[in-house]
Amino acid sequence: MGLVYAAELRPSKMELLAAWLPQQAWFDAGAHLLQLGAFRFDDPAGVVGMETHLVGAGDRVYQVPLTYRAAPLEGAENFLVGTLKHSVLGSRWVYDATADPIYTVELADVLLTGKAQAIEMREVDGRLEILPFTAKVASTGTADAELPDERFGEPVTTAGMTRIPGGTMDLLIQRELQLSGEVQDTTGLTATWPGQDVPALLATAVSA
């Protein structure tokens, strides 16, 4: 479960992305950004926020996973998206999640075991209310699958795909999404969102 605060963010997440995305070789810099949906994973320790944004730019859709931290992540300076001020939580360091070890382990868990996306809740008049999903994800993983003790290395992105190397398996993350709905890999994560009823492939796990 993730608690979403009714907070003011300076700059906003989309303002951060508008500054960061054009610097990425896999992004078409000539188009206006549109937030299509987002989903979250839970950090079992409850420390790191993990949110994946689905962003439209012209006729293309991009996947941008982010992590939010209360302090800088050592060794991840090249993957810093930016910093923001959260009116409740204070300063937050925002990272490209593909370089964040909390995210990579959680993504592997989702891919292999089918762990569900986080339920988001907000406090309204002293009670917690469940927020509707703006994007829904599904994994081909199975609950009885064994999760290996993996340590993932630094991500490398080529041709719109990020590969995160591991010991026995690599994680492949689609940056620019293919919207045909054709999923050929056996262990995959897909998403749908308003206007996209056919599941789009987000990520897969493959043998290293």
Side-chain angles (χ1 to χ4, degrees), residues 2 12-42 48-68 76 79-82 94-111 114-118 120 133-141 152 154-165 170-185 187-206:
S12 69
K13 297 171 186 177
M14 289 303 292
E15 287 171 336
L16 278 182
L17 292 181
W20 181 77
L21 279 173
Q23 302 176 41
Q24 312 311 308
W26 43 266
F27 178 73
D28 177 12
H32 176 71
L33 298 186
L34 178 65
Q35 173 84 328
L36 300 175
F39 61 90
R40 292 175 181 260
F41 295 148
D42 276 329
V48 177
M50 292 180 278
E51 184 178 32
T52 296
H53 295 266
L54 304 175
V55 179
D59 59 356
R60 303 183 183 188
V61 176
Y62 297 91
Q63 175 186 194
V64 189
L66 301 176
T67 54
Y68 308 104
F79 300 93
L80 180 68
V81 174
V94 184
Y95 289 92
D96 175 356
T98 64
D100 194 313
I102 299 298
Y103 172 82
T104 53
V105 169
E106 188 65 19
L107 177 60
D109 195 353
V110 171
L111 283 167
K115 185 176 180 180
Q117 70 192 95
E120 299 181 46
F133 290 137
T134 58
K136 296 180 180 180
V137 300
S139 171
T140 57
F152 294 99
E154 185 170 301
V156 176
T157 301
T158 55
M161 179 182 293
T162 297
R163 179 181 287 268
I164 308 172
D170 293 352
L171 305 180
L172 303 180
I173 298 176
Q174 300 286 337
R175 292 298 198 167
E176 181 180 343
L177 302 185
Q178 303 301 315
L179 306 181
S180 65
E182 297 180 6
V183 180
Q184 299 177 349
D185 298 86
T187 305
L189 180 69
T190 59
T192 58
W193 58 91
Q196 180 66 30
D197 297 328
V198 178
L201 181 63
L202 301 179
T204 54
V206 298

J.: Does E106 form a side-chain contact (heavy atoms from CB on, under 4.5 Å) with K115? I'd like the steps, not just the answer.
T.: CA-CA 9 Å; E106 188 65 19; K115 185 176 180 180; 2.7 Å; yes
J.: Applying the side chain to side chain contact (heavy atoms under 4.5 Å, CB included) criterion to T162, which one of D96, T98, V156, L171 satisfies it?
T.: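 Of the listed options, the one satisfying the test is T98.
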J.: Using side-chain heavy atoms (C-beta onward) and a distance below 4.5 Å, is F27 in contact with L33?
T.: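 In contact.
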J.: Applying salt bridge (Lys or Arg N to Asp or Glu O under 4.0 Å), can you list everything that pairs with E51, at least two apart in sequence or on another chain?
T.: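 With sequence neighbours excluded, E51 shows a salt bridge (Lys or Arg N to Asp or Glu O under 4.0 Å) to K13, R40, given in chain and number order.
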J.: Give the minimum heavy-atom separation between L17 and P22, together with the two atoms involved.
T.: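 Smallest interatomic distance, heavy atoms only, reads O-CD, 3.9 Å.
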J.: Residues in side chain to side chain contact (heavy atoms under 4.5 Å, CB included) with L34, at least two apart?
T.: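 Per chain and number, L34 pairs via side chain to side chain contact (heavy atoms under 4.5 Å, CB included) with L36.
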J.: List for me each residue that meets side-chain hydrogen bond (donor to acceptor under 3.5 Å, both in side chains) alongside T192, sequence neighbours excluded, and say none if there are none.
T.: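 Here no residue qualifies.
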J.: Could you walk me through whether W20 and L80 satisfy the side-chain contact (heavy atoms from CB on, under 4.5 Å) test, starting with their C-alpha distance in whole Å, then the side-chain angles of each, then the deciding distance to 0.1 Å, before giving a yes or no?
T.: CA-CA 9 Å; W20 181 77; L80 180 68; over 6 Å; no
J.: Measuring from Q24:CD to Y62:OH, what's the distance to the nearest 0.5 Å?
T.: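 It is 11.5 Å, given to the nearest 0.5 Å.
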J.: Calculate, to the nearest 0.5 Å, the distance between atoms OG1 and CG belonging to T157 and L172 respectively.
T.: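 Those atoms lie 11.0 Å apart.
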J.: Could you state the interatomic distance from CD (Q35) to CG (L54), rounded to the nearest 0.5 Å?
T.: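 It comes to 7.5 Å.
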J.: Around atom NZ of K136, are there more than 12 heavy atoms from other residues, nucleotides or ligands closer than 6.0 Å?
T.: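 Not more than 12 within 6.0 Å, no.
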J.: How close do W26 and G160 get, counting heavy atoms only, and between which atoms?
T.: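 Distance-wise, the nearest heavy atoms are CB-CA, 4.0 Å.
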J.: Run Q196 and L179 through side-chain contact (heavy atoms from CB on, under 4.5 Å) and show every step you take.
T.: CA-CA 8 Å; Q196 180 66 30; L179 306 181; 3.9 Å; yes
J.: Could you list the residues that satisfy side chain to side chain contact (heavy atoms under 4.5 Å, CB included) with A97, not counting sequence neighbours?
T.: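 Counting only residues at least two positions away or on another chain, A97 forms a side chain to side chain contact (heavy atoms under 4.5 Å, CB included) with P65, T67, Y103.
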J.: Mind checking ring pair (Phe, Tyr, Trp, His ring centres under 6.0 Å) for F41 and listing every partner two or more places apart, or none if nothing turns up?
T.: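 Listed in chain order: F39.
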J.: Taking only residues two or more places apart in sequence, or in another chain, which ones meet E154 in a salt bridge (Lys or Arg N to Asp or Glu O under 4.0 Å)?
T.: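 Expected list: none.
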J.: Where do D100 and F79 land on the side-chain contact (heavy atoms from CB on, under 4.5 Å) test, with the steps shown first?
T.: CA-CA 9 Å; D100 194 313; F79 300 93; over 6 Å; no
J.: When rounded to the nearest 0.5 angstrom, what is the spacing between CG in D170 and CZ in R163?
T.: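 It is 4.5 Å, given to the nearest 0.5 Å.
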J.: Which heavy atom of M14 sits nearest to which heavy atom of V55, and what is that distance?
T.: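 Closest heavy-atom pair between M14 and V55: CE-CG1, 4.4 Å.
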J.: Hey, are the side chains of Q174 and L202 touching, using non-hydrogen atoms and a 4.5 Å cut-off?
T.: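 Counting from C-beta outward, Q174 and L202 never come under 4.5 Å.
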J.: Rounded to the nearest 0.5 Å, how far apart are OG1 of T204 and CD1 of I173?
T.: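 The CD1 atom of I173 is 9.0 Å from OG1 of T204, to the nearest 0.5 Å.
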J.: Measure the NE2-CG distance between H53 and L21 for me, rounded to the nearest 0.5 Å.
T.: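 Between atom NE2 of H53 and atom CG of L21 there are 10.5 Å.
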